[in-house]
2 protein chains.
Amino acid sequence: MKRNSRFSLALHALAHLAALRPPRPLTSAEIGEHSGTNPVVVRRTLGMLKESGLVSSEKGHSGGWLLAKAAEEITLADVYAALGERFLRMDVDGEDNPPGCAIERALLGGVEAALADAEALLVERLGKTTLADILARIPQPASVIGIVVN
Amino acid sequence: MKRNSRFSLALHALAHLAALRPPRPLTSAEIGEHSGTNPVVVRRTLGMLKESGLVSSEKGHSGGWLLAKAAEEITLADVYAALGERFLRMDVDGEDNPPGCAIERALLGGVEAALADAEALLVERLGKTTLADILARIPQPASVIGIVVN
DNA sequence: AATTACGCAACTCACAATGTTGCATAACGA
DNA sequence: TCGTTATGCAACATTGTGAGTTGCGTAATT
């Protein structure tokens, strides 16, 4: 089992959806196979992207997942935000010690600023990379009729 | 149980050591009480700081932990490095898929840069805050003879 | 010599994320 | 209209990781 694979899975799925020519809905099962996971996990993850308007889903026959926006309009920051990810985590003495000693309060203040700065930078950088940028980095396959990536 | 409390525990312990007047060794048990954990965890954590030369330990009677450097010379980045922490974690399809598909490789390259940038900034910012800076933020206690925090 | 405290290894415990199963619901096609 | 296919959702099982625990060895102080 991998920890924190949501982001990875989401990007993988989005990339496959965007790379598909001609575009057609991909089922959770198909995406799961590509990504080495199972359909339910795919639904859980893409469900979050759907709430943020990045993808749409269709039920029934010939249903599945589709991009809801152009690949140029989806940034890594969008995905990061849609999943509610927090790559920067420290849990400085979590929620439950309101009467924490004076030293603890001082520590919190001293470290939080650095974390907030780094997170802001991270989001800013992620926002500068679009799904289309990612696709441009993929070496072109031999076949021209159908792109078949793993 | 809290996740990733090592950094928090380490800083807490260092701050207590630095704040103590007059300086004397603190035992793992004492530090554990302050921090709401147990002596073995304290040893594990401070052991790492010791390897990096931030603290020293003395065995036997009146033994315990001491700062090995001045509070002005210990930065949060030192602690971060000593513990081998990685606040930025994403696990982009961990180690085990060497024949990963083309899309996966493209994703990795596209995301890694942003993560590396953010981590570099984080370390840079942590490096600008010393243990002494943290202590300066602690409101002075009433007693002048002995500082008793938590 | 007794006490104290670190050092280390093996084990247990708890939590969170992933994986699994079952069923309901909706859409498509014959 | 009925069967098939797919998402949506909830409940449960699995597993990996960090923290907690116990026991014993070793070194230093009194």
Could you run down the sub-3.5 Å N/O contacts of the protein with nucleotides 28-30 of chain D?
residue : atom : partner : partner atom : Å
D:dT29  : O2   : B:His61 : ND1          : 3.4

Closest to the B:Trp65 side chain, choosing from D:dT7, D:dG20, C:dG7: C:dG7

Interatomic distance where CG belongs to B:Leu46 and P belongs to C:dG7 [whole Å]: 9 Å

Any residue meeting side chain to side chain contact (heavy atoms under 4.5 Å, CB included) with A:Thr37, in chain and number order, not counting sequence neighbours: A:Leu9, A:Ser35, A:Val41, A:Val42

B:Val40 side chain, from C-beta outward: closest of D:dT7, C:dC6, D:dT21: D:dT21

Between C1' of D:dC9 and CG of A:Asn38, the distance in whole Å: 14 Å

Selection from D:dG20, D:dG8, C:dA5 that lies nearest to any side-chain heavy atom of A:Lys50: D:dG8

A:Thr27-A:Trp65 side chain donor-acceptor pair, cut-off 3.5 Å: no

Options C:dC6, D:dT7, D:dG20, nucleotide nearest the side-chain atoms of B:Ser28: C:dC6

Pairwise distance CG(B:Leu20) to CD(B:Glu30) - rounded to 0.5 angstrom: 8.5 Å

Salt bridge (charged side-chain N to carboxylate O under 4.0 Å, His left out) against A:Asp117, all qualifying residues, sequence neighbours excluded: B:Arg125

For A:Ala68, side chain to side chain contact (heavy atoms under 4.5 Å, CB included) partners two or more places apart: none

Residues forming a side chain to side chain contact (heavy atoms under 4.5 Å, CB included) with B:Glu58, sequence neighbours excluded: none

Whole angstrom value for the distance that separates P of C:dA9 from CZ of B:Arg44: 11 Å

Interatomic distance, B:Met48 CE vs C:dC8 C1' [rounded to whole Å]: 13 Å

Atom-to-atom span, CZ of B:Arg43 to P of D:dG25 - whole angstrom: 16 Å

Options D:dG20, C:dT18, D:dA19, nucleotide nearest the side-chain atoms of B:Thr37: D:dG20

Whichever hydrophobic residues join A:Leu121 through chains of side-chain contacts under 4.5 Å: B:Leu121

Closest to the A:Val41 side chain, choosing from C:dT20, D:dT21, C:dG7: C:dT20

B:Glu33 CD - C:dA5 P separation (whole Å): 12 Å

Nearest-angstrom distance from the residue atom CG of B:Leu9 to P of D:dG18: 15 Å

Sugar-phosphate only, base, or nothing, as touched by B:Gly64 at under 4.0 Å among non-hydrogen atoms: sugar-phosphate

Euclidean distance, atom CD of residue B:Glu30 to atom P of C:dT4 [Å, nearest integer]: 13 Å

Proximal nucleotide (of D:dT7, D:dT21, D:dA19) relative to the B:Arg6 side chain: D:dA19

